[in-house]
Amino acid sequence: MDIKQKSLPKKRIQKQADLSKGKPQLLLSIITPAFNEGAIIRQNLERLYRYMEKSDPSRQWEMIIINDGSKDNTGELAEQFAKNRDNIIVHHNIVNLNLGRALQTGFALARGQYVVVMDIDLTYSEDHIHQLLGKIIETDADCVLASPYMKGGKSTAVPFFRLLLSKVVNRMMRIMSPIKVHTFTGMVRIYKAEFLKKLNLKSTTYSINPEIIYKGAILRARIEEIPAHLDWSDQKQTSRSSSIRIFRGIMAGLMSGFIFRPYFFFMGIGLFLFIVASYIIVWIFIHTFTVLPEIATANIDFE
């Protein structure tokens, strides 16, 4: 993977290089991609760090922050936070390479036995981390998803259209996929590091999330879910990613379902054409029998 990065202190570059070598050494790696998150990154990193320190101080873990070409002060704030903390790694992309590449970068750098992906906006709160970890250890799964759409999950303050679009798309993906989970597009998950190494990921957008599930299905991976709370209550205070970009990513992920259920697409087109043709035929019959009596009457009057 050819990854460009800004100039960093020599010690940090060496530390990043060491992370990608050898077998996993730590129990847990936490990956947090960030793009133009200067307004929230410092306080949310503090939240994550405090939670990990208090929840299990004896557990070895690391946090990898991927500054994906931010144009604000995200990178500087992340570096300040990482200073004097040996288990915090900051990687900088010179330009924005999008979520898919950012996650691939984090996966390559992670050295934990398990890898958690968290959204830096913490719309899924930090307590999901140990719920995910507990589930993957309990079930020996390859991947565990945080799902607000399964039984027991919920969402708060998510814009109506965005929530509706997400639910519809995830429902369609569930129909097309041999793995019957409820949330394909969500980013907050935990993986076995050895499972990630088997994937040849190509997506550069949000569609990397369903791509992982689809390729996991091909590999006969064990994929589980936990009920999750998606909370947008604080998002009005920050500038979030473009809905258009997210929509495109979701659509790309939906189209990738063609791999497993191509006939759904052809059936959809066929059903649409059948409905149109049926309407035309019914319209012709109705209007034909409506007009015929008038023609017959007109002929009688003419005779």
Side-chain angles (χ1 to χ4, degrees), residues 3-20 24-99 101-112 114-130 132-133 146 187-190 231-235 237-241:
I3 302 170
K4 297 179 179 179
Q5 60 183 33
K6 296 178 181 178
S7 59
L8 297 174
K10 187 174 181 180
K11 180 180 178 181
R12 179 144 310 191
I13 293 175
Q14 182 61 46
K15 187 179 354 179
Q16 288 187 357
D18 292 342
L19 289 180
S20 60
Q25 301 172 17
L26 307 179
L27 177 69
L28 189 65
S29 296
I30 303 170
I31 298 173
T32 58
F35 175 66
N36 291 344
E37 302 286 6
I40 62 172
I41 190 168
R42 181 74 193 198
Q43 57 266 37
N44 286 1
L45 288 176
E46 291 283 359
R47 275 180 59 182
L48 283 171
Y49 192 86
R50 285 196 304 268
Y51 174 78
M52 292 302 299
E53 287 290 288
K54 290 181 180 179
S55 59
D56 193 346
S58 64
R59 185 166 285 167
Q60 290 185 310
W61 61 278
E62 67 180 356
M63 188 186 304
I64 303 172
I65 305 161
I66 308 298
N67 173 33
D68 192 22
S70 298
K71 297 180 180 180
D72 63 0
N73 61 343
T74 295
E76 290 77 4
L77 291 173
E79 285 289 349
Q80 291 173 17
F81 178 79
K83 189 176 181 180
N84 300 324
R85 290 184 170 107
D86 291 336
N87 62 339
I88 307 297
I89 306 301
V90 182
H91 180 95
H92 302 270
N93 293 333
I94 294 177
V95 297
N96 178 242
L97 299 179
N98 219 321
L99 179 66
R101 287 294 299 275
L103 289 182
Q104 290 175 50
T105 300
F107 296 156
L109 294 174
R111 59 174 181 167
Y114 300 103
V115 179
V116 171
V117 178
M118 289 293 292
D119 196 333
I120 194 60
D121 63 11
L122 295 184
T123 47
Y124 292 87
S125 64
E126 60 273 23
D127 62 326
H128 287 90
I129 294 174
H130 279 88
L132 289 166
L133 181 60
M187 183 175 73
V188 177
R189 304 171 176 182
I190 189 170
D231 188 358
W232 272 58
S233 300
D234 297 330
Q235 298 312 300
Q237 302 174 10
T238 62
S239 176
R240 306 306 306 142
S241 301

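This is a predicted model, so every value here is computed, not measured.
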Original post:
V116 and side-chain contact (heavy atoms from CB on, under 4.5 Å): which partner among I190, T32, I31, V188?
Top reply: I190
Original post:
Under 3.5 Å, is there a donor-acceptor pair between the side chain of E62 and the main chain of R111?
Top reply: yes
Original post:
Looking at CD1 of I41 and CD of Q80, how far apart are the two atoms once the value is rounded to the nearest 0.5 Å?
Top reply: 10.5 Å
Original post:
Looking at CD1 of I120 and CD1 of I65, how far apart are the two atoms once the value is rounded to the nearest 0.5 Å?
Top reply: 6.5 Å
Original post:
Once you round to the nearest 0.5 Å, how far does CE of M118 lie from CG of L45?
Top reply: 11.0 Å
Original post:
T74 side chain to S70 main-chain N or O, any donor-acceptor pair under 3.5 Å?
Top reply: no
**OP:** Please check if the side chain of N36 supplies one atom and the backbone of K71 the other of a donor-acceptor pair under 3.5 Å.
**Re:** yes
Subject >> Side-chain donor/acceptor of D68 to backbone N/O of N96, under 3.5 Å >> reply: no
Subject >> Donor-acceptor contact present, side-chain N67 to main-chain H91, <3.5 Å >> reply: no
Original post:
Looking only at heavy atoms, which two atoms of D127 and Y51 are closest? And how far apart?
Top reply: CA-OH, 3.3 Å
Subject >> Minimum-distance pair of heavy atoms, taken over all atoms of G38 and L77 >> reply: O-CD1, 3.4 Å
Original post:
What is the distance from atom CD of Q43 to atom CG of L48, rounded to the nearest 0.5 Å?
Top reply: 11.5 Å
**OP:** Please test I129 against L133 for side chain to side chain contact (heavy atoms under 4.5 Å, CB included), starting from the C-alpha separation and ending with a verdict.
**Re:** CA-CA 6 Å; I129 294 174; L133 181 60; 5.5 Å; no
Original post:
To the nearest 0.5 Å, how far apart are CE in M187 and CG in D119?
Top reply: 3.5 Å
Original post:
Do side-chain atoms of S29 reach the backbone of G112 as a donor and acceptor pair under 3.5 angstrom?
Top reply: yes
**OP:** Flag this pair as yes if the NZ/CZ of R47 is under 6.0 angstrom from the six-membered ring centre of Y49 and inside a 45 degree cone about the axis; otherwise no.
**Re:** no
Subject >> M63 side, atom CE; W61 side, atom CH2 - distance, nearest 0.5 Å >> reply: 4.5 Å
Original post:
What's the shortest heavy-atom distance between L122 and E126, and which atoms?
Top reply: CD1-OE1, 4.0 Å
**OP:** Taking E37 for its side chain and P33 for its backbone only, find out whether a donor-acceptor pair lies under 3.5 Å.
**Re:** no
**OP:** Return the minimal non-hydrogen interatomic distance between D86 and I89, and the atom names on each side.
**Re:** O-CD1, 4.3 Å
Subject >> Side-chain donor or acceptor of N93 paired with backbone N/O of G69 under 3.5 Å >> reply: no
Original post:
Salt bridge or not for E46 and R42, using N-O below 4.0 Å?
Top reply: yes
